[in-house]
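Ligands are counted one by one from 1 in listed order, and the atoms in each one are counted from 1 as well. Starting from 1, each residue takes its place in the sequence as its number. The figures here come from the full heavy-atom set of this structure, side chains too, leaving out hydrogens, waters and symmetry mates.
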Amino acid sequence: MKTVAELRTAYIKGEMKPSEAVAAALAVIKEKDEEIHAFLAVYEDALEAAKAADTLYAEKGADTPPLLGVPIALKNNILMKGKKATAASKILENYTAVYDATIVEKLKAAGAIVVGATNLDEFAMGGSTENSAFGPTKNPVDTTRVPGGSSGGSAAAVAMGAVPVALGTDTGGSIRQPASYCGLVGFKPTYGAVSRYGLIAMGSSLDQAGPLTNSVADAELIHHTIAGLDKMDATTITDDTYPAVTTKDAYTFGVPRHFLKEGVDASVLEAFEQHIAVLTAAGHKVVDIELPLFEKGLAAYYIVMPAEVSSNLARYDGIRYGLSVEGDNLLDVYEKTRAEGLGAEVKRRVLLGTYVLSSGYYDAYYGKAELVRKQMRQELDEVFKTVDIILTPTAPTPAFKFGSNEDPLAMYKQDIFTVPVNLTGVPALTFPMGTVEGEGKQLPVGVQYIGPHGGDARLFHIGKAIYDERT
Ligand code: GLN
């Protein structure tokens, strides 16, 4: 069963039981995960919950919560009470969450059954899952390639057929880029649509949680389950925070062509042109737009994000959470714990962030980047007066080989199309636009639909028409 919708129908009709689906999920993990390594932890107790769901379906049929008995997986930077929340870091290797994240509370209330925690780049910093302290995840489509990141474990869990849904987090593309590499649907909501309470913070002004699924309808269902105002997160928004965004029969898509030249694989561009043809054939209009500041997105992101990382990660000091290495005095404890507990990429970002926030450089770097960010938002608002949706590839290449982007800058360039979305806080949806050839294998590549603030429903509306109805 590939989708939640299919599972739910089968449960209601009595063609399948949650305990069978959960047992099947655990069996797939047993069979495939030794090689793929999508999971950091598997929850065998999921079977108990599934049996309770069996009984509820037998008694109440369709009159049950919408996700009852649906097996899901959670990226391991999302807190679930009583389970380890490691963020794939040695510093949190033995940290057990003492409460449920708001999104977990909501998923549980809707009846979903969490079967395990998935691998990620340490603290969600990366684009390949190679930065996990517990070893990388492989792409189920081609195991010589990365699944993308940082939610690579979540993407692989869905792509290998273990679960129909996995939750990820997206600070600069970490849901969308792995979805693109693994041939899935991924959704990054409008900033504030989903509570961040109980997510291990990376960049607080950028982070949002969202689904990786096999259909847009499933992504919509999961998004609606987890979204909403939360008193535990003051940045959450309501439905009327932004002006209502309409849905239409025919949309105008804007393509920032000037942005699609450098570093984008020819094969990806070809798939993108084919997708444009699909859109026009379906009666939509595709026009060129100018978004000059989008090209500055990557530079601004790699200042704003590390700045927030450096302050968010200050709490891992050997005193409050997780790993604690003995030292001669307090400072020594801090230094030894962080030296031992944090990986190279995390350290790089903490250093960068501390530097751009230091008193002598604040105005030159952080202040400037925040200014660029503000102007990017204005630029977007202008463009959304003339187009309904902005169209780009999700990533400049298909999934790459392990070790091939060891240069951090090369890795950061994979984020070129995704980071402007987080910097400006708008929603974006990705789904497969086809496959490209890579050493004899067909590798999926994703297309990205970017909506205006609060335009989440518009993206689901068009995504269902263009993707779900054609697959
Ligand atoms: N690849 C990006 C980075 O390394 C995005 C990470 C994310 O969205 N969590 O920062």
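Atoms of ligand 1 found under 4.0 Å from any heavy atom of Tyr301 (numbered from 1 in listed order, with element): 2 (C), 3 (C), 5 (C), 6 (C), 10 (O). The atoms of ligand 1 that sit less than 4.0 Å from any heavy atom of Ala124 are 6 (C), 7 (C), 9 (N). Near Ser150, with a cut-off below 4.0 Å to any heavy atom, the atoms of ligand 1 are 9 (N). Near Gly172, meaning under 4.0 Å from any of its heavy atoms, are these atoms of ligand 1: 5 (C), 7 (C), 8 (O). Shown in contact with Tyr302 at under 4.0 Å from a heavy atom are these atoms of ligand 1, numbered in order with element: 2 (C), 3 (C), 4 (O), 10 (O). Each of the atoms 9 (N), 10 (O) of ligand 1 lies under 4.0 Å from some heavy atom of Met202.
Of the polar atoms of Gly173, at least one N or O is found under 3.5 Å from an N or O of ligand 1, judged by distance alone. The shortest N or O to N or O distance between Gly126 and ligand 1 is below 3.5 Å. The shortest N or O to N or O distance between Thr171 and ligand 1 is under 3.5 Å.
At the shortest separation from atom 2 (C) of ligand 1 among protein heavy atoms lies Asp415 OD2, 3.1 Å. The single protein non-hydrogen atom nearest to atom 7 (C) of ligand 1 is Ser174 OG, 2.4 Å, given as residue, atom name and distance.
With hydrogens and angles ignored, the 3.5 Å screen pairs a side-chain donor or acceptor of Thr225 with a backbone N or O of Leu221. Under a 3.5 Å cut-off, the side chain of Gln208 and the backbone N or O of Lys188 do not form any donor-acceptor pair. Between the side chain of His223 and the backbone N or O of Phe460, no donor-acceptor pair lies under 3.5 Å. Within the 3.5 Å criterion, the main-chain N or O of Gly148 finds a donor-acceptor partner in the side chain of Thr129.
The existence of a salt bridge linking Lys336 and Glu340 is excluded, since no basic side-chain nitrogen approaches an acidic carboxylate oxygen closer than 4.0 Å. Looking at Glu439 and Lys401, a side-chain N of the basic residue comes within less than 4.0 Å of a carboxylate O on the acidic one, giving a salt bridge.
Under the side-chain contact (heavy atoms from CB on, under 4.5 Å) test applied with Phe400, the options Thr144, Asn405, Leu443 reduce to a single match, Asn405.
The shortest separation from a heavy atom of Arg349 to ligand 1 is under 4.0 Å, placing the residue in contact.
Annotation: cation-pi geometry not satisfied between Lys84 and Tyr95 (NZ/CZ under 6.0 angstrom from ring centroid, within 45° of ring axis).
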